[in-house]
Amino acid sequence: MSARLQPRGDYEVVIGLEVHVHMRTASKLFSPAPVRYGELPNHATHPLDLGMPGVLPVLNRRAVELGVRAALATHCKVHSRSIFARKNYFYPDLPKGYQISQYEEPLATEGWLEIEAPSADGTPHTVRVGLTRIHIEEDAGKSIHDAAIAGSAGSHVDLNRAGVPLLEIVSEPDLRSPEEAAAYLRKLRALLRWADVSDADMEKGQFRCDANVSLRRHGAAQLGTRTELKNLNSFRFVEEALYAEIARQAALLDGGGRVVQATMHYDPVRRATRVMRLKENADDYRYFPDPDLVPLVIAESEIDAVRRALPELPEDRRARFESEHALSGYDARLLTESRALADFYEAAAIRSGQPKVVANWMLRDVLAQLKERDCEIDATQLTPDALAKLIALVEDGRVTAASARPLVAVLIERGVDPETLVRERGLEAVSDTGLLEAAADEVIAAHPEVVAQIRGGDARGLNFLMGQLMKRTEGKANPKAVREILARKLAG
Ligand code: ADP
Ligand code: MG
């Protein structure tokens with residue numbers, strides 16, 4: 001088996017990720033204020049989010065449900081009892097002076113996620129990444145220092161984000177390269193979307209990542225000292241920042257220096273990391289159970305109810321596509337990258353009754369079109385029914401595959417009936433035997449040397465003759481009919 005990709009031959013790279021994800025709720029974690037994006041500053045707030053004294057938090061039931069969903073989808077142990085704690089720190093966008101989070105007794109622990117890890121020779125293999133914990137917490141507000149956004153100079157505070165329900169998902173230090181880190185993040189984001197936990201839109205700050213990284217000599221038992229890269233808001237930046245930080249640490253160690261535990265900032269313009277602050281310890285936050293909130297107790301029956309409401313998960317879907325639809329593992333994986341895509345494929349496969357054929361059309365034509373348009377399948381006009389119909393027209397020989405393939409783009413743009421489209425564009429395959437017979441006679445007469453070759457037992461020339469005949473009918477001849485006619489005439 002090929003080795004997992006290692007960016008630095010001399011050191012082993014060790015990465016653990018912390019992901020913060022906004023849960024898809026209508027209101028905030030402890031206040032009735034709505035969760036809205038793009039709202040005027042401080043217009044989606046409640047006295048609780050503003051840190052007013054004398055208000056009491058009330059836990060959002062839906063957020064707990066979504067947290068349990070995420071935990072079950074990642075094979076975590078969900079705890080029937082967890083504790084909300086105050087994490088104390090001063091920041092202008094945190095008017096209460098503390099964030100309500102979970103610390104000693106989190107919602108869930110000990111899960112895992114499997115990723116396809118790239119390797120040096122390009123053959124991916126599966127790596128199981130441990131999840132240390134998942135806990136629920138509230139988001140903080142935002143400080144805005146940009147006059148162009150705030151409308152005037154100086155620093156401004158927008159508390160619309162304060163109190164938005166978050167999950168913090170902490171991985172074990174099981175990742176070994178920036179590529180694996182990116183693969184993990186992609187997989188996790190897709191899964192959270194699949195399970196309807198979050199829209200996980202990185203541009204809206206709904207999915208954010210802190211990356212911890214350290215180096216050690218190969219074979220060393222102890223982990224090296226780590227640094228933490230804060231708030232990386234795109235997969236590309238995660239990879240770039242990790243590469244920059246790995247290079248910095250490697251140079252330090254090569255020179256006989258030591259890595260100091262710190263929180264780092266990545267500057268994408270300089271493509272370099274720099275120390276933002278020396279790492280604070282958990283002690284500095286003076287965590288303690290929030291006296292305003294009782295322990296969160298979830299009955300086993302409630303956890304079961306959430307489990308039953310979960311959609312079939314991507315890995316199960318993939319296994320079923322392999323066993324029931326006889327798809328390759330590779331194809332099944334591509335078709336389960338999102339729930340919308342898997343649903344679409346499956347509906348079309350059922351309609352058509354030919355899963356393999358549908359999968360080929362999806363992978364070859366539909367995915368290419370989606371990529372070109374940078375959109376998801378459910379944002380197009382294409383329906384499973386229309387795709388199945390188009391494929392049936394090809395399978396029945398009523399239109400050639402060559403004529404049908406460009407129609408996928410048309411169906412994606414405009415939800416038209418494939419049969420009407422074929423007729424309107426005059427793309428019906430020519431099965432008129434009289435016409436095809438005449439064309440075959442012409443082709444045979446024009447290439448006596450190829451004909452002699454075929455009659456001498458070398459069948460390779462047949463495809464050439466078919467190609468010539470197709471040209472004469474502008475690619476519209478029914479290939480089955482053409483092959484039959486040519487075979488008969490050449491045998492005669
Ligand atoms: P904190 O909240 O202080 O950042 P955690 O113990 O929650 O600390 O760890 C945060 C992350 O750091 C986890 O994802 C963990 O896997 C990762 N991590 C811990 N030690 C190392 C290390 N030596 N090298 C790389 N990552 C590490
Ligand atoms: Mg951290």
Side-chain angles (χ1 to χ4, degrees), residues 4 6-8 11-21 70 74 76 82 85-89 98-113 115 117 127-137 139-140 166-185 187-188 207-232 238-239 241-250 252-253 258-266 273 275-287:
R4 287 160 77 181
Q6 274 285 322
R8 302 286 311 191
Y11 298 104
E12 184 183 28
V13 172
V14 174
I15 299 169
L17 300 178
E18 293 163 82
V19 169
H20 287 95
V21 54
T74 50
C76 283
S82 61
R86 290 188 181 180
K87 181 182 186 180
N88 300 282
Y89 63 95
Y98 62 86
Q99 178 192 20
I100 305 178
S101 180
Q102 296 190 306
Y103 182 57
E104 270 176 4
E105 293 182 58
L107 177 73
T109 54
E110 295 159 88
W112 52 265
L113 192 68
I115 62 164
V127 172
R128 184 173 284 197
V129 181
L131 296 190
T132 317
R133 56 189 272 146
I134 297 185
H135 71 243
I136 300 175
E137 63 184 25
D139 206 349
L166 280 181
L167 285 178
E168 178 171 327
I169 303 172
V170 182
S171 89
E172 290 288 302
D174 287 346
L175 299 155
R176 291 292 173 270
S177 65
E179 289 81 359
E180 286 189 9
Y184 168 87
L185 292 172
K187 191 69 181 275
L188 181 60
F207 186 95
R208 314 194 291 262
C209 170
D210 301 339
N212 297 269
V213 58
S214 65
L215 303 185
R216 64 175 166 184
R217 292 275 170 203
H218 287 288
Q222 293 243 319
L223 292 179
T225 304
R226 71 178 150 123
T227 57
E228 180 172 9
L229 295 152
K230 273 284 181 204
N231 287 328
L232 300 163
V238 171
E239 279 190 62
L242 281 169
Y243 267 109
E245 178 58 14
I246 288 165
R248 188 191 70 91
Q249 288 188 17
L252 250 175
L253 296 174
R258 271 185 334 113
V259 174
V260 178
Q261 190 168 333
T263 300
M264 312 292 294
H265 171 79
Y266 175 63
T273 54
V275 175
M276 198 156 84
R277 58 173 183 263
L278 292 181
K279 177 74 188 168
E280 61 286 298
N281 285 316
D283 288 354
D284 299 337
Y285 292 121
R286 297 282 184 267
Y287 280 99

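For this chain, numbers begin at 1 and follow the sequence in order. Ligands are counted one by one from 1 in listed order, and the atoms in each one are counted from 1 as well.
- Screening Val275, Val259, Asn212, Thr263 for a side-chain contact (heavy atoms from CB on, under 4.5 Å) involving Thr227 leaves a single residue, Val259.
- Below 4.0 Å from some heavy atom of Ser214 lie the following atoms of ligand 1, by number and element: 22 (C), 23 (N), 24 (N), 25 (C).
- Residue contacts with ligand 1: Gly224 is placed with a nitrogen or oxygen under 3.5 Å of a nitrogen or oxygen of the ligand (distance criterion only).
- For the side-chain contact (heavy atoms from CB on, under 4.5 Å) criterion with Leu131, the lone passing option out of Asp174, Ile169, Thr109, Val170 is Ile169.
- For ligand 1 and Glu228, the ligand atoms under 4.0 Å from any heavy atom of the residue are 4 (O).
- By the side-chain hydrogen bond (donor to acceptor under 3.5 Å, both in side chains) test, Ser171 is found to be paired with no residue, residues two or more places apart in sequence or in another chain being considered.
- From Lys230, atom NZ reaches atom CD of Glu18 across 6.0 Å, with rounding to the nearest 0.5 Å.
- No N or O atom of Thr225 sits closer than 3.5 Å to an N or O atom of ligand 1.
- Of all atoms in ligand 1, listed by their number and element, those nearer than 4.0 Å to a heavy atom of Val14 are 24 (N), 25 (C).
- Shown in contact with Gly16 at under 4.0 Å from a heavy atom are these atoms of ligand 1, numbered in order with element: 14 (O), 16 (O), 17 (C), 26 (N).
- Shown in contact with Ser171 at under 4.0 Å from a heavy atom are these atoms of ligand 1, numbered in order with element: 13 (C), 14 (O), 15 (C), 16 (O).
- What you find for Glu239 and Ala182 is that their closest heavy atoms are OE2-CB, 3.3 Å.
- An N or O contact shorter than 3.5 Å is missing between Val170 and ligand 1 by distance.
- The backbone of Leu17, and not its side chain, has at least one atom closer than 4.0 Å to an atom of ligand 1 (non-hydrogen atoms only; backbone = N, CA, C, O).
- The distance from atom OG of Ser101 to atom CG of Asp139, rounded to the nearest 0.5 Å, is 11.0 Å.
- Listed by number with element, the atoms of ligand 1 under 4.0 Å from a non-hydrogen atom of Glu172 are 16 (O).
- In this structure, the separation between NZ on Lys87 and CD on Gln99 is 5.5 Å, given to the nearest 0.5 Å.
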